[in-house]
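Down below is the structure, laid out as structure tokens.
We name chains A, B, ... by the order of the sequence lines, and we start the count at 1 in each one.
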Amino acid sequence: MRIVAEHLSYTYNAKSPFETAALKDVSLTIEEGEFFGIIGHTGSGKSTFVQHLNGLLRLPSSMKKYRPKKPKKGQAPLPATVLKVGDFDLTDKKTNFRALRRSVGMVFQYPEYQLFAETVRDDVAFGLKNFSEEKLTDEELDSAVRAALEVVGLDFDELKDKSPFELSGGQKRRVAIAGVIVTRPEVLVLDEPAAGLDPLGKREIMELLHRLHREWCKTVVIVSHDMDEISENCTRAAVFADGRVECVLPPRELFRHAQRLTELGLDVPLTAKLCALLQERGIEIDCDFTVQDFCAKVLDYARSHPKQGGGRA
Amino acid sequence: MKDVSFGQFYPVDSFVHRLDPRLKILFLIAYIVAIFLATNFYGLAACAAVLLLTVVAAHIPLGKVLRAVRGVTFLVLFTAALNVLFYGGETVYWEWGIFCVSFEGIIFSVFLALRLVLLVVCSSLLTYTTTPVSLTDGVESLLTPLKWIRLPIHELALVMSIALRFIPILTDETQRIRNAQMARGADFESGGIIKKVKATIPILVPLLLSAFRRADELGDAMDARCYTGGKHRTKYKKLRFTWRDAVAFLVGAALVTGVVLMRIYLSAPY
């Protein structure tokens with residue numbers, strides 16, 4: 001499913017002293033099959049944007065606002081807001097939001113805090129039961145839950161009757177993710193999937209997401225402020241700043257603008273920092289900012305410039 | 001998610017916002033007494049006038065004030081309807097079985113409805129114009145005399161301020177969990193009452209767990225800072241009466257006296 005947003009704006013608490021414009025005229029297209037990253041500082045509107053994708057935040061019901069307004073004299077007409085996920089037109093009130101939510105899985109920050117059921121099996125099956133039109137038999141439920149738990153790397157037979165609250169932090173998060181993907185959504189959106197995990201846990205989660213991307217969900221969108229995560233994993237990334245989209249680029253292009261990113265209060269990956277330092281010393285390294293590629297290119301450079309000496313580079 | 005709920009502090013700077021919280025609480029009490037002392041429309045009109053003056057002085061938009069009333073519309077209409085039907089009275093317009101609509105009944109229910117509306121508006125004005133922190137400071141200060149009978153006033157005030165502080169946090173949390181479960185297809189709107197109550201379990205369980213977790217964390221944080229309770233604690237903001245409070249005091253006193261005088265000397269209308 002292709003995600004298209006054009007001229008999307010959203011304001012919290014409109015017309016009150018708490019009014020905050022979270023999104024200002026955002027236009028963004030995410031192609032089917034991408035592993036898309038959304039980066040931005042706290043309050044840049046990235047979470048607000050992704051909550052639109054499955055209709056949790058709706059465009060205000062007075063849709064008139066979103067149709068092109070009649071232009072005042074001497075003013076250009078306001079462009080219409082477009083928000084489409086596959087065939088779902090989210091600017092249309094009659095859209096079937098249930099069907100949409102089935103196709104767009106959403107994993108919130110710290111998803112382990114949404115676990116509630118008595119057993120792991122019941123918790124994972126929750127979404128499945130909600131979305132299915134007819135009542136599913138226990139066997140059908142079990143086989144779907146088993147598949148979802150297996151893909152997140154957990155053993156169904158060992159865990160199914162345990163309380164989700166007995167599990168370790170990493171296991172809880174996996175169970176929570178399984179509870180979202182069990183309906184086999186086409187698009188999977190994750191808000192800070194690796195937040196609060198140790199480095200090993202982070203790597204495992206990212207590996208899990210790649211596995212899901214290969215076998216389970218066509219499109220994966222992650223929201224993050226960790227640049228290393230984005231540079232190592234994403235096909236493209238959008239930079240959000242102050243409710244606007246600053247740019248949309250593949251990571252290898254993106255981190256060439258290291259200075260601009262720093263200005264926006266964002267960190268750049270370690271490799272980009274090193275590239276910038278080397279550049280100051282007159283050494284151009286052209287890499288895609290993954291650790292592997294960076295090391296290879298630096299070694300190549302050191303070997304081909306023996307006079308400068310490996311130590312300095 | 002970030003929608004402002006009813007009765008939450010409205011952050012503008014105004015005459016009313018700057019009043020001493022103790023005075024505001026006392027004023028509210030005096031005002032409520034005045035509402036119930038008023039037995040005729042003159043008295044009630046005086047109360048309404050004072051309230052309107054306060055709203056204007058507080059720089060709170062009228063829509064915001066009316067929103068507070070909207071929450072109790074049903075209650076007001078319900079009690080008014082009951083009173084119209086069951087009050088009894090002499091000048092009867094319509095009678096059917098135990099129901100009886102009379103002139104006195106109608107007047108009485110209008111009176112009651114007005115009282116309720118005034119009550120709700122003036123109490124919500126207090127929370128609109130006073131931060132939770134200064135509200136608890138005020139309560140603590142006003143209850144100080146009860147320390148003589150060994151009531152743990154400081155602790156009670158602390159409990160109150162923590163409770164108030166956590167309302168927006170838990171509201172946010174509820175919204176977040178609600179969103180997460182809605183993303184998993186939970187349906188909170190359709191179905192009968194039993195289905196609706198059942199549907200809240202996926203929200204309530206995580207919410208309770210998170211409330212306990214937060215309480216634990218807060219307790220640890222307070223322990224880590226060696227918090228031991230009320231003895232010898234000083235205040236960051238000292239409460240002080242100013243000329244504004246004198247003005248508000250006079251208005252309150254005048255209102256109560258006025259209402260009492262009207263009660264004695266002005267018998268009509270009603």
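Considering CZ of B:Arg184 and CG of A:Asn130, their distance stands at 8.5 Å, rounded to 0.5 Å. A distance of 9.5 Å separates CZ in B:Arg176 from CD in A:Gln51, rounded to the nearest 0.5 Å. Here B:Leu209 contributes atom CG and A:Leu115 contributes atom CG; the two are 9.5 Å apart, rounded to the nearest 0.5 Å. One finds the CG atom of B:Asn179 at 8.5 Å from the CG atom of A:Asn54 (value rounded to the nearest 0.5 Å). How far CZ of A:Arg98 is from CG of B:Asp187: 6.0 Å, rounded to the nearest 0.5 Å. Summarising the geometry, atom CZ belonging to A:Phe126 is positioned 10.0 Å from atom CD1 belonging to B:Ile201; distances are rounded to the nearest 0.5 Å.
B:Arg213 touches chain A through its side chain: at least one heavy atom from C-beta onward sits under 4.5 Å away, while N, CA, C and O do not. Both the backbone and the side chain of A:Tyr113 come within less than 4.5 Å of a heavy atom in chain B. Only the side chain of A:Phe165 has a heavy atom closer than 4.5 Å to any heavy atom of chain B.
Summarising the local packing, CD of A:Glu118 is surrounded by 12 or fewer heavy atoms from other residues, nucleotides or ligands at distances under 6.0 Å. With a 6.0 Å radius and a threshold of 12 heavy atoms from other residues, nucleotides or ligands, B:Ile193 has its CD1 atom at or below the threshold. The environment of NE2 in A:His213 is crowded: more than 12 heavy-atom neighbours from other residues, nucleotides or ligands sit within 6.0 Å. Annotation: A:Lys24, atom NZ; neighbour count of heavy atoms from other residues, nucleotides and ligands within 6.0 Å is above 12. Atom CZ of B:Phe249 has 12 or fewer neighbouring heavy atoms from other residues, nucleotides or ligands inside a 6.0 Å radius.
For the set A:Gln114, A:Arg101, A:Met106, the entry with the most heavy-atom pairs within less than 4.5 Å of chain B is A:Gln114. In terms of heavy-atom pairs under 4.5 angstrom with chain A, the leader among B:Pro61, B:Ala183, B:Ser210, B:Pro202 is B:Pro202. Contact count against chain B (heavy-atom pairs under 4.5 Å) is highest for A:Asp123 among A:Leu100, A:Asp123, A:Thr183, A:Val182.
Across all their heavy atoms, B:Pro206 and A:Phe116 have their closest contact at CD-CB, 3.7 Å.
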